[in-house]
Amino acid sequence: MKASFSRAKIVFISVLSAIVFILIWKLVSLRIGTDIILPSPETVLLRLLKILISVKFWFAVGATALRILYGLVISFIVGFFAGFACGKNVYANAILSPIISITRTTPVMSIILLAMIWFKTDFVPVFVSILMIFPIITANVSQGVKNIDKRFIELGQVYHIGRFDFFINITLPSIAPFVFAGLRSSIGLAWKVVIAAEVLSQPIKAIGTNLQFSQMNLETADVIAWTVAAVILGRISERILDFVVRNKRWESP
Amino acid sequence: MSDHTIMLDNITFSYSDRTDNIAESSYVFKNFNIEFPSDKVSVILGPSGCGKTTLLNIIGGLLSPLEGKVSFNNTTQTSDNFSILFQEPRLLPWRTIRKNVEIVLKSKFDKQLRRETAEHYLSLVGLKDSMNLYPSELSGGMRQRVAIARAFAYPADTILMDEPFQALDIKLKQELRALFTKLWVEDKRTAILVTHDINEAVMLGDEIFVFAGERPVKIAGKFVNDEPHMNRNSESKKSNIIQKKLYSLLA
């Protein structure tokens, strides 16, 4: 990027864009004139503040966040081992790749509907997020394993670096950026998929359940307020991951 | 002192997968013999792509010959105890330079000794104060010094060097050659240096083997430089004579 685009300038343009978006929203809502179709920004903001101070909200957020965490952790573990096997072994790759490509192209809704038949409502969103995310982690880990610098493999051979030390000192740091790139792109997806599954499976405490409930009652402002909350939470979780990953050394040699 | 001679006996090698009916010129080595004396610096000098690195990889066990064998210590016993100085420093970017040296010592020493050895050799190459830095925080010359420290810290009888000074500017090249000589004189091992730099060959080599750029490889000449390492300089008469011969052979 050119030096003339200073950071302050970029932030200013982004803020301006957000303000213009909200202004257009306001104008359209004035033109429509009814809150059921499109509530005004300030109505949504008030609803959001009201939701934020309710106990119901925090229970829902906690439950949904926990499902996302479960989904990510299980996907991470499954994806790590599957990806490692795929990257190391042609046969493992041959066995796993059709399963992965099938899950990748299956419509999310089909998985949700099937999961609702098979599992309790609380577990449906977790299951769906695992099926959506583990292929991403698998692909990334496998890519990372295949990308381990051949020169470091030679180094390990020449200096007799043992299997365990090689794994800790060469394999893990080599695949770490791939793993985190996979996690980074999975978090946003996890929020979307888990909430979608909650809308259909209706666990008692869930953001998705509340969204669905507001929609049924034609509380459009509430639907948008819950959505805004979900977007903000998604961003926060991405930022948390970025913070954890920051300052780690895995730049290429 | 035990004998660390390295002998290559009737080596045949080709990068082609086929073993029958391949053209003579697709063999890098065919029934090739060479002997590297114990605890001396042998130099393989030749143009780029002449098979120097291939030979080093065969000795180091990174490539297997189709026929023939590499023997060590005048026995048929195979060795897998080498240090290698690569063309580039080849340091792990995610480990400090102290850790980079310690990692290769793991199979050899306990923790305490690893630490002491790494510190000792890093001090010898003048990086005592930089031990906790990461490779990205060092200059190119400093990184290659870490690689030299790592190669000497590893308790191998043999050091294989694949044009380790090639990528450096003239001043750094001289500095690092002097550093290598200093370490080597104190701690002599069988060293094999691959290079296309005639001056480097004369400055560092006790025995210089010239590879001509033909396939399969033939030794076009062998020179001995018996001047003590610490006394060598580019101006000395002996060096000049060898250099002239090498130039005429490679021109």
Side-chain angles (χ1 to χ4, degrees), chain A residues 1 76 79-80 83-84 87-88 90-91 137 140-184 240-253, chain B residues 53 56-64 79-109 111 114 117-118 132-138 140 143-144 146-147 149-156 158-162:
Chain A
M1 200 170 290
F76 180 79
F80 188 86
F84 200 78
K88 281 269 178 202
V90 199
Y91 297 108
I137 308 276
N140 278 39
V141 171
S142 147
Q143 191 68 23
V145 169
K146 285 177 193 155
N147 268 305
I148 296 176
D149 197 327
K150 293 233 163 32
R151 298 173 310 157
F152 290 149
I153 297 176
E154 268 181 19
L155 184 78
Q157 268 179 297
V158 169
Y159 287 112
H160 301 283
I161 298 175
R163 267 167 182 252
F164 177 75
D165 288 318
F166 189 88
F167 183 76
I168 297 292
N169 291 298
I170 295 170
T171 308
L172 275 188
S174 299
I175 65 176
F178 292 87
V179 172
F180 281 99
L183 270 182
R184 185 66 170 70
I240 292 173
L241 185 73
D242 288 346
F243 182 77
V244 172
V245 176
R246 208 183 50 171
N247 292 333
K248 294 276 183 292
R249 276 173 196 281
W250 37 58
E251 65 267 45
S252 53
Chain B
T53 301
L56 217 54
N57 286 337
I58 290 172
I59 298 167
L62 295 171
L63 292 173
S64 306
S79 166
D80 54 358
N81 210 7
F82 301 99
S83 288
I84 295 194
L85 267 176
F86 299 98
Q87 286 180 357
E88 77 300 336
R90 213 171 285 199
L91 304 175
L92 304 175
W94 41 74
R95 293 287 181 264
T96 61
I97 62 167
R98 178 213 295 274
K99 285 269 179 235
N100 262 287
V101 178
E102 284 183 16
I103 283 162
V104 305
L105 304 176
K106 271 212 161 172
S107 62
K108 301 287 178 184
F109 301 141
K111 199 173 174 187
R114 281 206 295 274
T117 310
N132 294 319
L133 297 181
Y134 287 87
S136 58
E137 295 168 300
L138 305 181
R143 272 180 244 169
Q144 196 57 294
V146 178
R150 180 175 65 189
F152 274 95
Y154 189 73
T158 309
I159 297 188
L160 307 178
M161 298 186 282
D162 188 3

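Throughout, protein chains are lettered first and strands after them, A, B, ... in sequence-line order, and every chain is numbered starting at 1.
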Practice prompt. Hey, could you give me the CG/NZ distance between D165(A) and K106(B), rounded to the nearest 0.5 Å?
Written response: 3.5 Å
Worksheet item: Between R90(B) and V158(A), is any pair of side-chain heavy atoms under 4.5 Å apart?
Response: no
Practice prompt. Rounded to the nearest 0.5 Å, what's the gap from CD on Q157(A) to CG on L62(B)? Could you check?
Written response: 5.5 Å
Worksheet item: Taking side chain as C-beta onward, heavy atoms only, is I103(B) less than 4.5 Å from Y159(A)?
Response: no
Discussion item. Between A151(B) and chain A, with a heavy-atom cut-off of 4.5 Å, which part of the residue counts as in contact: side chain, backbone, both or neither?
Written reply: both
Worksheet, complete the sentence: Hits for ring-ring contact (aromatic ring centres under 6.0 Å, His included) against F76(A), two or more places apart or cross-chain, chain-then-number order -> none
Practice prompt. Against chain B, label I153(A) side chain, backbone, both or neither, depending on which of its atoms sit under 4.5 Å from a heavy atom there.
Written response: neither
Worksheet item: What's the spacing between N169(A) CG and K99(B) NZ if we round to 0.5 Å?
Response: 8.5 Å
Worksheet item: Do you know which two heavy atoms are closest between R95(B) and P173(A), and how far apart they sit?
Response: NH2-CG, 4.2 Å
Worksheet entry | For chain A, the option from S83(B), G60(B), G61(B) that forms the most heavy-atom pairs under 4.5 Å | S83(B)
